[in-house]
Amino acid sequence: MKVNAQSVNFTADGKLIDFMEARLGKLEQFYDKIVSTDVYLKVENTSAKENKIVEIKVLVPRDNFVVKKQCRTFEEAIDAACSSLERKLVKRKEKIRLNA
């Protein structure tokens, strides 16, 4: 699986990139036909503490999933987005299994 990461208006450090790749790698346990993932990391210019936005786009054959989460830290947002993606990928796999 190919992971494309883009950080908007800031530079992401190595630890964050490693964490993101490790967490996204776990998605293959739930659905093994993932082609690539695009991750967009953004910092919103507000005084609110929850200003870190993570948007993950997962491309699978004949479909794609987009999840957007906003949290206090990027790690928390990545974790929440991946949990949501896990549920979506499991649903997709069940749907394919029922139609086959």
Side-chain angles (χ1 to χ4, degrees):
M1 171 176 68
K2 196 170 93 173
V3 177
N4 299 322
Q6 290 184 351
S7 50
V8 181
N9 297 334
F10 76 101
T11 306
D13 67 333
K15 287 182 185 176
L16 180 62
I17 300 296
D18 291 342
F19 174 80
M20 178 185 60
E21 288 177 350
R23 190 66 178 90
L24 288 171
K26 292 179 183 176
L27 290 178
E28 290 188 315
Q29 295 175 350
F30 299 95
Y31 194 81
D32 56 353
K33 294 184 176 93
I34 298 173
V35 177
S36 69
T37 55
D38 297 324
V39 182
Y40 301 99
L41 307 169
K42 302 173 192 168
V43 178
E44 199 174 64
N45 265 346
T46 62
S47 59
K49 291 195 188 308
E50 292 191 355
N51 65 342
K52 313 291 190 299
I53 300 171
V54 172
E55 189 174 335
I56 303 176
K57 195 180 296 186
V58 177
L59 291 129
V60 296
R62 288 189 254 132
D63 208 356
N64 59 355
F65 301 103
V66 179
V67 173
K68 189 174 185 179
K69 296 289 179 184
Q70 185 169 349
C71 294
R72 288 175 180 259
T73 65
F74 281 116
E75 288 84 359
E76 195 179 329
I78 289 168
D79 208 38
C82 285
S83 296
S84 181
L85 280 168
E86 287 169 5
R87 287 191 299 276
K88 286 185 176 199
L89 291 170
V90 167
K91 267 187 187 177
R92 164 100 174 143
K93 196 173 188 177
E94 291 295 318
K95 191 176 178 182
I96 289 172
R97 196 175 287 156
L98 290 173
N99 291 337

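Everything numeric in this text was worked out from a predicted model, so none of it was measured.
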For residues 20-43, pull every pair meeting ring pair (Phe, Tyr, Trp, His ring centres under 6.0 Å), keeping only residues two or more places apart or in separate chains. none
Please report the interatomic distance CD(E28) to OG1(T37), rounded to the nearest 0.5 Å. 9.0 Å
Group every Ile, Leu, Val, Met, Phe, Trp and Tyr by side-chain heavy-atom contacts under 4.5 Å, then state whether V58 and M1 land in the same group. yes
According to ring pair (Phe, Tyr, Trp, His ring centres under 6.0 Å), does anything in residues 75-100 pair up with another residue at least two apart or in another chain? List the pairs. none
Pairs meeting criterion side-chain hydrogen bond (donor to acceptor under 3.5 Å, both in side chains) with involvement of residues 63-76, two or more places apart: E44-Q70
Using side chain to side chain donor-acceptor pair (under 3.5 Å) as the criterion, list what pairs up with K52, not counting sequence neighbours. none
Just list the side-chain donor-acceptor pairs under 3.5 Å for residues 4-17, sequence neighbours left out, or say none.
unit_1: N4; atom_1: ND2; unit_2: D38; atom_2: OD1; d: 2.9
unit_1: S7; atom_1: OG; unit_2: F10; atom_2: O; d: 2.9
unit_1: D13; atom_1: OD1; unit_2: L16; atom_2: N; d: 3.4

Would you give the length of the straight line joining atom CG of D79 to atom OG of S84, rounded to the nearest 0.5 angstrom? 11.5 Å
Scan for ring pair (Phe, Tyr, Trp, His ring centres under 6.0 Å) pairs involving residues 79-100, sequence neighbours excluded, and state none if there are none. none
Do K33 and V60 pass the side-chain contact (heavy atoms from CB on, under 4.5 Å) test, and can you show the C-alpha distance, the side-chain angles, and the key distance before you say yes or no? CA-CA 6 Å; K33 294 184 176 93; V60 296; 5.6 Å; no
Tell me, which pairs form a ring pair (Phe, Tyr, Trp, His ring centres under 6.0 Å) where one or both residues lie in residues 80-100, sequence neighbours left out? none
Show the numbers, then the answer: is there a side-chain contact (heavy atoms from CB on, under 4.5 Å) between V67 and E55? CA-CA 6 Å; V67 173; E55 189 174 335; over 6 Å; no
Do V39 and M20 touch side chain to side chain, with heavy atoms closer than 4.5 Å? yes
Roughly how far, to the nearest 0.5 Å, is CD1 of I34 from CG of L24? 8.5 Å
Residues 85-100, side-chain donor-acceptor partners within the protein, below 3.5 Å, at least two apart:
unit_1: E86; atom_1: OE2; unit_2: R23; atom_2: NH1; d: 2.9
unit_1: E86; atom_1: OE2; unit_2: R23; atom_2: NH2; d: 3.4
unit_1: R92; atom_1: NH2; unit_2: P61; atom_2: O; d: 2.9
unit_1: E94; atom_1: OE2; unit_2: R97; atom_2: NH1; d: 3.4
unit_1: N99; atom_1: ND2; unit_2: K95; atom_2: O; d: 3.3

Is there a side-chain contact between F74 and V43 (heavy atoms, below 4.5 Å)? yes
Can you tell me how far apart CZ (F65) and CD1 (I56) are? Round to the nearest 0.5 Å. 13.5 Å
